[in-house]
Amino acid sequence: MNLLEDLNERQKEAVLATEGPVMVMAGAGSGKTRVLTRRIAYLIKEIGINPFNILAVTFTNKAALEMKERITNLLGIDTKFMWVSTFHSFCARFLRVEAKHIGGMYTANFQILDDEDSLKAVKNVLKNKSYKDDIKPQVFKTWISNSKNMPDFQLADPYKMQIFTEVYKEYNEYLANNNAFDFDDLILKTVEIFKKERDILYKYQDKFNYILVDEFQDTNKVQFELICLLAAKHQNIFVVGDEDQSIYSFRGALVTNVKRFREVFPFTKLILLEENYRSSKAILDLANKVIKNNTDRVEKNLYTSKIDSIKPYYYETSTSYEETLFVLNKIKELLDKGYSYKDFAIMYRANYISRNFEDVFIKNQIPYVIYGGFSFFARKEIKDMIAYLRLILNNDDNLSFLRIVNEPKRKIGGTTLEKLDKLASLNKISLFKAIDLIANNNLTKFKEMILDLKTKVDEISICDFYDLVLEKTMYLDYLKANDEEDRIENVNEFKSVLDEAKDTYEGNNSNILANLLLDLSLRTNTDDKSDNDEVVKLMSFHQAKGLEFKVVFMVAMEEGIFPSGNTFSPSDLEEERRICYVGITRAEERLYLTSCKNRLMYGHYESNPPSRFIREMGLLGNIKKKVISVNTKEIVEKEQVDNKVIFKLGDKINHKIFGDGVVVSVDGNYIKIAFKVPYGIKTLLASHPSIIKITK
DNA sequence: AGGTCTTTCCTTTTT
DNA sequence: GGAAAGACCT
């Protein structure tokens, strides 16, 4: 195949400019992944570059996987061991090779802690601190992460800064003692080694002659530094990004890196991709109208050659419940017009918005999936099993030991473990080894079980071994006893991951397992099958990035929700606006925006004006008043509610006995009313004939 | 050590 | 309103 086929002039330029620094500003839907993969293929096939001299980094496993797949399709080569990966897995792969330069007690088989694990580490550090109740562990964790990712991290309050500094230090020591890194460390340590050990830097600079970075606008300070270090010598650095889609600054992403890049590499060739192949003209117009309000950006205007388009609509409903019905009915209507479930996506600013839709979809038998939530590998039962396997392979793994020593319950409590911990640190041995120094039958039994399992690893197949672990640890029995159907299914599903490992890793079972276990923390949900499933998708705008759908509903478009109530500075607002831009540009054919006057939230009604973004789109004068009428049970229920008098906060009422009062909360069929003394606040059935609304 | 009662939270979260 | 973590009790 001709690698320049079906590319426009700008895209061709981006593929062909193989030498020197190149920055591609790729608008939404302008074919950036296509450019990236064609360029890699071009480097290999036309220029003759060895695939192992190319480094391509992305932010998600999914993006990395997709890139590899596309390269395989273009060139028919095996991409399994190519350096096409996320920032984190690139760094992990590097650190496993160069572990001896990390310093401290780190070895090549370091563990990678996920968010839950590192929060546990913070809690462990805080355990004996006098200030442990003043500031939550999660807050410390966020600070730790920020200080590892953001430039000049500082806390304004000197006292807080002081205790933070202490926790930060001890947290890092705790990790080091356990041969563990958190996600941020992976990148930080890699950069540290490159800065400290020049020979190693030169080696990798020579290895990676061509570097490509996807979603460049999302790089943080350290990631930017990493790229600059690696590319400093050959300068063949190709970055693709879109300032307007930078929506992760709360995690340290610096949009300013886009500007800085051109300072660091003054001879950067700049290429703008503005032709959009995804959305209709009307949808693009809305996106352009909104993003125009951001001041701090390079002027860029997406255009399309698609002419026919369906106008995007904004609907305001009375309640959040009606909002869900509107979406439901619109989906049904469009299904009749030939759309199928997979064509629809419902997007919102905050995940809790999904609940309303879930309820309505279940009742009306609309197939759906909610994106996000826990990754398979982050589930408790899976992490427990991983901990068992780790401990069996490496008895000195204290973190795994602590995780499962009393899971399921073996009557090994906090006091016992504290004693064990003291003995272990006194004798400088692992917790597992310290069991010998303590007379505790439960611990001894546990130790024998683990050692017994250890003798079996290489005797039987990996799956049989895993079954044995499930049995001997009593874990499966414990799940069965508690009727944990989902968890039982998950621990069984984990077998397929173990089974796959045979094809990826080499050696005996112990080796295969050990290597697999080291890689698991960076694995996320691999089932990208769901993308094509015949279901409606519900997701946050953040989760929607990179995806596209024929029909998009942007719901809960209300001030306080979107832009979020936590938007304070002008730059916060600009980020919210970019989130909005990402949302709009996901839509191919139809876009519906909704808001409601009264939203049921946290058990009571709240009223917010429509989002300012609706006004910026020029849709405010364009409200479609639509009477919802579809014959479903839902609607019947709804009409019954309508027959009653609806009370909202602040309504003045009169009660036959208690006299005048004001509604102070609405709770389903019940309302709370503040009456004059001596009656006070009463909770009453809203439909009770004794209550009469006297205003409005 | 483990059950139950009470308090707390409720923006986004690629790894 | 509701889940989930923490406090409290035995």
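Everything quoted here is computed from the prediction, not taken from an experiment. Naming: A, B, ... by sequence-line order, numbering from 1 per chain.
Here A:Phe250 lies parallel enough and close enough to stack on the base of B:dT12, with planes under 30° and ring centres under 5.5 Å apart.
Straight-line distance from the CG atom of A:Leu417 to the P atom of B:dG2: 11 Å, rounded to whole Å. In this entry the distance linking NZ of A:Lys380 with P of C:dA5 reads 11 Å, nearest Å. When rounded to the nearest whole Å, the span between CE of A:Met539 and P of B:dT14 equals 13 Å. Rounded to a whole Å, the CG atom of A:Leu573 is 18 Å from the P atom of B:dT12. Following rounding to the nearest Å, A:Glu574 (CD) and B:dT12 (P) show an atom-to-atom distance of 22 Å. In this entry the distance linking CG of A:Leu65 with P of B:dT15 reads 11 Å, nearest Å. To the nearest angstrom, C1' of B:dT12 lies 16 Å from CG of A:Asn149. Here B:dT14 presents its P atom at 15 Å from CG of A:Asn220, a figure rounded to the nearest Å.
Side-chain N/O atoms of A:Ser540 include none lying less than 4.0 angstrom from OP1 or OP2 on B:dT11. Taking only side-chain nitrogens and oxygens, A:Asn61 never comes nearer than 4.0 Å to OP1 or OP2 of B:dT14. Phosphate proximity of B:dC9 to A:Lys136: present, with a side-chain N or O under 4.0 Å from OP1 or OP2.
Residue A:Asn351 is in sugar-phosphate contact alone, with no base atom involved, counting any heavy-atom pair closer than 4.0 Å across all strands shown. Using a 4.0 Å heavy-atom cutoff across all strands shown, A:Ile579 reaches no nucleic acid atom at all. When heavy atoms are screened at a 4.0 angstrom cut-off, A:Tyr248 is found touching base atoms of the nucleic acid. No contact: A:Asp114 has no heavy atom under 4.0 Å from any strand. Within 4.0 Å (heavy atoms only), A:Gln543 reaches sugar-phosphate atoms of the nucleic acid but no base atom. Counting any heavy atom pair closer than 4.0 Å across all strands shown, A:Lys545 reaches no nucleic acid atom.
Side-chain atoms of A:Asn220 and A:Tyr248 form no donor-acceptor pair, as typed in the model, at a separation below 3.5 Å. Under 3.5 Å, the side chains of A:Asp384 and A:Tyr475 contain a donor-acceptor pair of N or O atoms. Side-chain polar atoms of A:Asp572 and A:Ser569 form a donor-acceptor pair below 3.5 angstrom. A donor and an acceptor atom, one from each side chain of A:Ser89 and A:Thr86, are located under 3.5 Å apart. Judged by distance alone, the side chains of A:Glu98 and A:Tyr204 do bring a donor and an acceptor atom under 3.5 Å apart. Counted by atom type alone, A:Asn441 and A:Lys411 present zero donor-acceptor pairs between their side chains at under 3.5 Å.
Shown here, B:dT11 forms no base pair; nothing in the strands shown gives a Watson-Crick or G-U wobble contact with both key distances under 3.5 Å.
With B:dT14, B:dC9, B:dT11 as the candidates, the nucleotide lying closest to the side chain of A:Ser564 is B:dT11. Checking B:dT11, B:dT15, B:dA1 against every side-chain atom of A:Thr415, the shortest atom distance belongs to B:dA1. Residue A:Asp218 places its side chain closer to B:dT14 than to any other of B:dT12, B:dT14, C:dG6. Closest to the side chain of A:Arg355, from the set B:dG2, C:dG2, B:dT11, is C:dG2.
Nearest-nucleotide assignment on DNA chain B puts the 5′-proximal partner with A:Asn566, out of A:Asp184 and A:Asn566. The 5' end of DNA chain B is approached more closely, in terms of each residue's nearest nucleotide, by A:Lys409 than by the other of A:Lys409 and A:Thr567.
Comparing the C1' positions of B:dT13 and C:dG2 gives a spacing of 22 Å, expressed to the nearest Å.
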